[in-house]
Each structure stands twice: as structure tokens, then as C-alpha cells.
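Heavy-atom basis, side chains included; hydrogens, waters and symmetry copies ignored.
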Amino acid sequence: MRILLIHSDQITYEAQKKTPVAEENIVPADGLEEALTAFCAVEAPDEENIAGVAAKTAAEILEAAEKLGTTNIMVYPYAHLSSDLSNPKAAVEALTAIEEICSRKEGMTVKRAPFGWYKSFTLSCKGHPLSELSRTITPEDTKEKAEKKQVTHTFFVLTPEGAREDATKYADDTPFGQLVKKETGIAAEATGDSVHCELMRAKELVDYEPLSDVGNHRWMPRGKIVRDLLSDYVLGLVLDYGGMPVETPVMYDLDNPAINEHAGKFGERQYRFKSGNRNMMLRFAACFGMFSIMHDMHISPNTLPMKMYELSTYSFRHEQKGECIGLKRLRAFTMPDMHSLCLDMDQTLSCFEEQMMIGWQTGRDLETPLAGIFRCTEAFYEEHEEWVKGLVKTSGVPMLIEVLSDRVHYWVAKVDLAAIDGQGRPIENPTVQIDVESSERFDIKYFTDEGEVHPPIIHCSPTGSIERVICALLEKTATQDVPMLPVWLSPTQARVVPVAERHIAYAKEVCDLLTKAGIRCDVDDREESVGKKVREAGMDWVPYVAVVGDSEAESGKLTVTIRKDSQPKKPCKEEMTPEALAEKISAVTAGMPARKLYTPKMLSMKPRFI
């Protein structure tokens with residue numbers, strides 16, 4: 001229901017011509033002095049609860065009338081307020097109900113203009129600050145809000161040795177200490193942009209897209225290859241673990257009760273829209289599609305645990321505009337999403353531990369230190385305390401524990417592993433969650449001799465969103481004396497810099513040799529000084545830079561600057577053959593995904609994006 005409230009000196013109408021849906025037995029002309037005119041458009045979604053929407057609308061009208069000090073109300077059907085109108089019968093029912101409810105208020109004079117007639121009207125608006133008000137009422141507004149549970153949160157630290165300690169003891173400037181301070185409320189909220197916000201543009205990785213919604217980005221070739229390599233990396237982890245890749249839609253029907261209930265847990269962080277007369281939403285994770293597949297499958301206990309994976313490109317969350325920060329918090333992001341259907345809780349706990357350890361592994365592989373927090377309900381902790389201690393022991397580092405007095409989410413236990421940005425704020429990355437609601441909500445089950453079983457489901461993102469991984473990688477460079485990405489993720493892994501034009505041919509030979517070895521290599525053939533070329537290779541964070549001149553062309557040996565071993569103003573240089581350089585880079589990147597160069601091999605052909 002959409003309403004426009006006008007505080008008027010006078011409102012009059014006269015019915016001129018009926019439409020095919022016109023009411024009969026009408027008052028053809030009428031009016032009111034000193035009235036609140038309520039222009040009303042009854043919408044299609046209101047049909048879900050006409051009585052409730054009408055009652056809520058009447059309450060809004062009466063409240064406005066009381067504030068304005070008027071006792072006269074004109075209810076006026078006005079279809080032009082909406083493009084998604086209800087059927088005529090529902091509209092008349094709603095408008096009649098609004099009129100009746102308002103009339104019950106003692107001292108009120110209420111009239112209603114007829115529905116389905118072309119009418120002329122005159123209106124004189126008073127023009128004070130409250131004389132024009134608009135409201136939107138939905139069936140959702142009519143539902144009684146359940147009283148929120150009063151949930152307490154208890155924090156402490158568990159050590160690998162099993163000791164329980166006061167969390168404040170760890171509130172220092174280490175990554176774990178920063179996590180403890182943020183989660184327990186010790187740290188003051190940091191302000192300003194994170195370091196990566198400038199770097200992501202300066203390094204021509206990713207930029208804001210002004211023609212889209214806030215929190216939607218565009219990716220340049222250098223950023224696209226980093227994103228694609230990270231996606232390849234997660235896929236490799238999941239396949240090694242036994243996950244089965246699938247692909248599912250990005251939009252779902254909110255009129256499905258299971259989807260509506262699950263989506264409701266994310267509140268206003270949903271992208272909702274209309275498709276014809278259907279209420280739709282853009283997914284915030286790959287849950288819906290995978291749960292739909294699981295519901296339709298024949299599941300045997302012998303096939304569990306069953307692990308299903310999707311690289312959710314994209315997932316959408318309607319974050320507050322002011323909360324969108326670079327790659328850390330977006331409205332559209334890429335989420336590696338694995339769901340494991342487990343036999344029972346024992347199997348769930350075993351899989352949880354395995355998947356948590358994959359999360360710790362990603363921190364090592366990506367060279368981004370992680371700190372961990374384990375969250376669970378009080379009942380879960382009491383039942384599985386020794387298992388929780390075992391998790392911390394297996395992790396080999398202290399972990400912050402948060403115990404909730406009651407369950408308020410679909411999960412009873414979860415672990416979040418976070419990197420820390422340049423301002424000491426956590427960047428939530430890998431996560432593992434035990435879901436005890438969704439299998440029943442989506443009717444996912446298997447059968448035993450005792451009957452049907454709705455099993456636990458583990459949600460796992462081995463790295464967290466790809467964008468946040470890149471955020472963490474860029475934030476980490478702020479702590480490095482010589483900033484760089486891991487070699488396997490570097491858009492250009494090696495660059496050959498010819499001293500003069502006559503050396504370009506040999507530089508190409510070296511580049512071709514490295515390219516055949518699976519190394520992303522380019523040649524700076526621009527008409528610039530060697531010094532400028534070398535400086536710009538440094539600005540591009542190229543891990544290996546070889547300058548070739550007459551002596552290199554004659555000897556076949558290169559002098560290579562190795563970025564990782566260099567210090568500020570003290571480049572580390574080694575002499576080696578092109579073959580040895582190829583072997584060195586291949587050894588450093590062994591076991592990690594590889595892709596070809598996304599930008600032109602000759603820098604003279606490479607455009608500037610920013």
C-alpha cells in the first residue's frame with residue numbers, strides 16, 4: 001500500500017465516467033473542509049494480507065490526523081502512486097476497510113471517493129512542513145515482531161595447551177591482539193580508508209564503477225588475473241578435498257517460504273526487486289541453489305559427507321552506502337562457497353576441523369597472517385568443550401572464544417579467521433559454520449530404518465570472498481619494506497628491460513623462453529631511459545627484473561633484480577642464465593595455479609587504465 005497524505009483546506013471530487021471495474025451505488029460528488037486527504041494505491045503484494053495492510057494503513061492515517069489536529073479524513077483511491085496494483089476486488093476491500101476503521105475513531109468524519117471512476121477533484125494544500133507526507137505499508141509490516149532474545153556474549157582465550165585465559169591479556173598490537181580488541185570492544189573504532197583503497201587503483205587492479213550501484217567494481221586486466229588465479233586456487237583446494245563444483249542462479253523467488261525465511265535472517269541487506277508479479281532477490285551466497293539441488297537429490301547415508309562447491313559470482317549484499325569500503329565491504333562480491341551435507345554431528349565435527357585447517361592453510365599459502373575466533377552457543381560448548389580445545393590445539397595458536405547464551409542464527413558453532421588491515425581492523429576471510437536449521441527448512445533428508453533424518457550442513461568459504469583476500473594482500477604490503485604480491489599472484493612475474501633498441505630482439509628471446517616455461521613475462525620496449533623503466537617495474541611490483549644490454553646479449557647471462565630479497569635502495573641482484581631464471585621462478589611458484597599474461601607482452605602496446 002502506498003499512501004500520500006495531504007493536509008488540505010478543502011478537498012472536493014465529482015465522478016465523471018465509470019471504468020469496467022467501477023463500484024456501484026456510489027456518492028457521485030462530495031467534499032470536506034479542513035481535512036486530511038489520504039490518496040491510496042493498493043498493491044499486488046497487499047493481497048497476501050489485505051485486512052492487515054488496511055488496518056496498518058488506517059492506523060498511519062489516524063496517527064497523522066491526530067498530529068495535524070484534524071477530525072476530517074477523505075480516503076481517495078489513486079492508482080498513479082504505484083505500477084504494481086492489486087486486483088480491483090482486493091483494492092475495494094482494502095479501501096472499504098480503511099474507511100470503516102477510521103470511522104470507528106470517536107469524533108472522526110470519514111468519507112471515501114469511489115473506486116474505478118474517472119473523477120475531477122480540487123484540492124487546496126495548506127503548505128506547512130507536515131502538510132505532505134508519504135508512506136509505504138507492506139504485508140511484512142503487519143506481522144508481529146518477535147521479541148528479540150536477550151543474548152549474552154562471553155569472551156575468553158583458549159591456548160593450544162588447553163588453558164582458559166582472560167581475553168584482555170592478549171589485547172596487544174599483534175594480529176591476534178588486534179582481533180581480540182575489536183571483538184571485545186576494547187579498541188576504538190578506526191576511521192578513514194584502508195591502505196588498499198589507494199593501492200587497488202594505483203596498481204591498476206580494480207576501480208569503482210560510477211555507472212553501477214555503490215559497492216560494484218570494475219576489474220582491469222592486472223586485477224582480473226589476480227582474481228582469476230585466486231579462484232583457481234580455491235577450486236584446487238576444494239577438488240583435492242572432494243568437493244563437487246556446481247553452478248546455480250543469482251536470483252530467487254521470495255514467495256518460496258523456505259527462501260523467504262532464510263533470507264529474512266539477513267534483514268535489509270537484501271537486494272530485492274520485482275520480476276512481473278513475482279518478488280525476487282539477488283542471492284547473498286550460494287546457499288539457495290545448493291539447497292535446492294540437495295532437496296531434489298536421492299541422498300544415501302553411504303555417500304555422506306557430500307561436499308558441493310560454487311564460486312558464487314556474484315553474491316550481493318545491500319550494505320549501507322557509507323559502509324562500503326574498497327574491497328573490504330562491497331555490495332557485489334565473489335564468494336567461494338562450499339556446503340557439506342554430513343551424516344550426523346560426529347561426522348560434522350570431524351569435517352569442521354578439516355575445513356578449518358584448510359582455512360589456516362590459505363593464510364600460509366597467501367602469505368597473509370590470520371587470527372582466529374571460534375563462536376558457539378553455550379549449550380554447544382558445554383557438550384563439546386573438549387572438542388573445542390582440540391580445535392585450538394590442532395591450530396597451534398591461541399584462539400578467541402565467544403560463547404553465546406542462546407542461538408540467534410542458523411549456526412550453533414562457527415570459526416572466523418581474519419587478516420588485519422593497516423589500521424588494526426580485522427578483515428574476515430575463511431569461515432566454517434555448523435548449520436542446524438537449513439536441512440529441515442529446505443526439506444533435505446536421507447532415510448534410515450528409523451525414518452527420515454535432516455542432517456547438519458557445514459557452510460565453508462576456504463578463503464572468504466576473493467575481493468577480501470585481495471584486500472588483505474594489499475593491506476599486508478603496507479608492512480613490507482619492499483611491497484609485493486606473492487610471485488604466483490603477480491600479474492607480471494618477470495620483466496626484461498632492453499637498454500637500447502638494438503637489444504629488443506634479444507629481450508624478446510629471453511621473454512619467449514620464460515613464457516614457454518609458464519612464466520608471465522613482458523618486455524619494456526618503450527623509448528624511455530633504463531632508469532625510468534626499472535623504476536616503473538618497481539612501481540608495478542614485478543618480482544624479477546632483468547636489464548639486457550650488449551654484455552648480456554653476448555654472454556647469455558642476465559643480471560636479475562630479485563624484489564623479495566631486496567631492501568629499500570639496496571636491490572638484490574643475481575647473475576644467471578635465462579634458463580636458470582626460469583627454473584628459479586618455477587621453483588618459487590611450484591604447486592600454485594598459473595595463467596598466461598593478461599596484458600600485452602610489449603609494454604609499448606599496453607594502455608593506461610587509470
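The pair Asp525-Lys508 does not count as a salt bridge, with every side-chain nitrogen at least 4.0 angstrom from each carboxylate oxygen. Between Lys606 and Glu204, at least one side-chain nitrogen of the basic residue sits less than 4.0 Å from a carboxylate oxygen of the acidic one, meeting the salt-bridge criterion. Residues Asp172 and Lys181 are not paired through a salt bridge, judged by the lack of any N-O separation under 4.0 Å between the basic side chain and the carboxylate. Under 4.0 Å is where a charged nitrogen must lie from a carboxylate oxygen, and between Glu536 and Arg526 at least one such pair does. Looking at Lys516 and Asp512, no side-chain N of the basic residue comes within less than 4.0 Å of a carboxylate O on the acidic one, giving no salt bridge. Salt bridge absent: Lys533 and Glu528 never bring a charged side-chain N and a carboxylate O closer than 4.0 Å. Under the 4.0 Å criterion applied to side-chain N and carboxylate O atoms, Arg375 and Glu183 are assigned as salt-bridge partners. Taking the charged nitrogens against the carboxylate oxygens, Lys328 and Asp421 do have a contact shorter than 4.0 Å, which makes a salt bridge.
No side-chain donor-acceptor contact under 3.5 Å links Glu165 and Thr159. Under 3.5 Å, the side chains of Arg468 and Thr463 contain no donor-acceptor pair of N or O atoms. Side chains of Glu475 and His196: a donor on one and an acceptor on the other come within 3.5 Å. A side-chain N or O of Gln355 and one of Ser340 form a donor-acceptor pair less than 3.5 Å apart. Between the side chains of Thr154 and Glu402, no donor-acceptor pair is found at a separation under 3.5 Å. Side-chain contact of Tyr506 with Glu552: a donor-acceptor pair under 3.5 Å is absent, judged by distance alone. Of the N and O atoms on the side chains of Tyr208 and Asn216, not one donor lies less than 3.5 Å from an acceptor on the other residue. Checked by atom type, the side-chain pair Trp360/Ser395 shows a donor-acceptor distance below 3.5 Å. Under the 3.5 Å distance criterion, with hydrogens and angles disregarded, a donor-acceptor pair is assigned to the side chains of Asp522 and Thr492.
Here OG of Ser315 is found 9.0 Å from CZ of Phe284. Values are rounded to the nearest 0.5 Å. To the nearest 0.5 Å, the span separating CD on Glu209 from CG on Leu211 amounts to 4.5 Å. To the nearest 0.5 Å, atom CG of residue Leu341 and atom CE of residue Met306 are 5.0 Å apart. Atom OG1 of Thr184 and atom CG of Asp166 lie 9.5 Å apart (nearest 0.5 Å). Distance check, rounded to the nearest 0.5 Å: CZ of Arg563 to CG of Asp540 gives 9.5 Å. A distance of 11.0 Å separates CG in Leu485 from CD in Gln493, rounded to the nearest 0.5 Å.
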Trace of the side chain to side chain contact (heavy atoms under 4.5 Å, CB included) decision for Met294 with Met308: CA-CA 9 Å; Met294 291 176 180; Met308 200 174 288; 4.2 Å; yes
Asn429 vs Val469, test: side chain to side chain contact (heavy atoms under 4.5 Å, CB included). Steps then yes/no. CA-CA 7 Å; Asn429 283 57; Val469 173; 3.7 Å; yes
Check the pair His339, Tyr309 against ring pair (Phe, Tyr, Trp, His ring centres under 6.0 Å), reporting the backbone distance first and the verdict last. CA-CA 6 Å; His339 292 81; Tyr309 171 75; 9.8 Å; no
CA sep, side-chain torsions, deciding dist, call: Glu310, Arg283, salt bridge (charged side-chain N to carboxylate O under 4.0 Å, His left out): CA-CA 13 Å; Glu310 179 174 0; Arg283 68 182 179 189; 3.0 Å; yes
Go through Tyr314 and Phe333 one step at a time and tell me if the ring pair (Phe, Tyr, Trp, His ring centres under 6.0 Å) criterion holds. CA-CA 5 Å; Tyr314 284 97; Phe333 54 94; 8.5 Å; no
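Looking at heavy atoms from C-beta onward, Pro486 lies in side-chain contact with Leu473 at the 4.5 angstrom threshold. Ile466 places a side-chain heavy atom less than 4.5 Å from the side chain of Ser231. Between Thr561 and Tyr544, the closest side-chain pair of non-hydrogen atoms is not below 4.5 Å. Contact check for Thr248 versus Phe288: no side-chain heavy atoms found under the 4.5 Å cut-off.
Judged purely by atom type and a 3.5 angstrom limit, Gln433 has no side-chain atom pairing as donor or acceptor with the backbone of Cys460. Ser194 places no side-chain N or O within 3.5 Å of a backbone atom of Cys197 that could act as its donor or acceptor partner. The main-chain N or O of Gly289 is found under 3.5 Å from a side-chain atom of Tyr252 such that the two form a donor-acceptor pair. Not a single donor-acceptor pair under 3.5 Å links the side chain of Arg227 to the backbone N or O of Arg222. A donor-acceptor pair is defined here as one N or O able to donate and one able to accept, closer than 3.5 Å; such a pair exists between the side chain of Arg520 and the backbone of Trp488. The main-chain N or O of Val415 is found under 3.5 Å from a side-chain atom of Thr431 such that the two form a donor-acceptor pair.
Screening residues 581-590 for salt bridge (charged side-chain N to carboxylate O under 4.0 Å, His left out), with sequence neighbours left out, gives no hits.
For the pair Lys414 and Phe374, the cation-pi test (distance below 6.0 Å, angle within 45°) is failed. For the pair Arg164 and Phe156, the cation-pi test (distance below 6.0 Å, angle within 45°) is passed.
The side chain to side chain contact (heavy atoms under 4.5 Å, CB included) with Leu230 is formed by just one residue from the set Asp228, Asp232, Val226; it is Val226.
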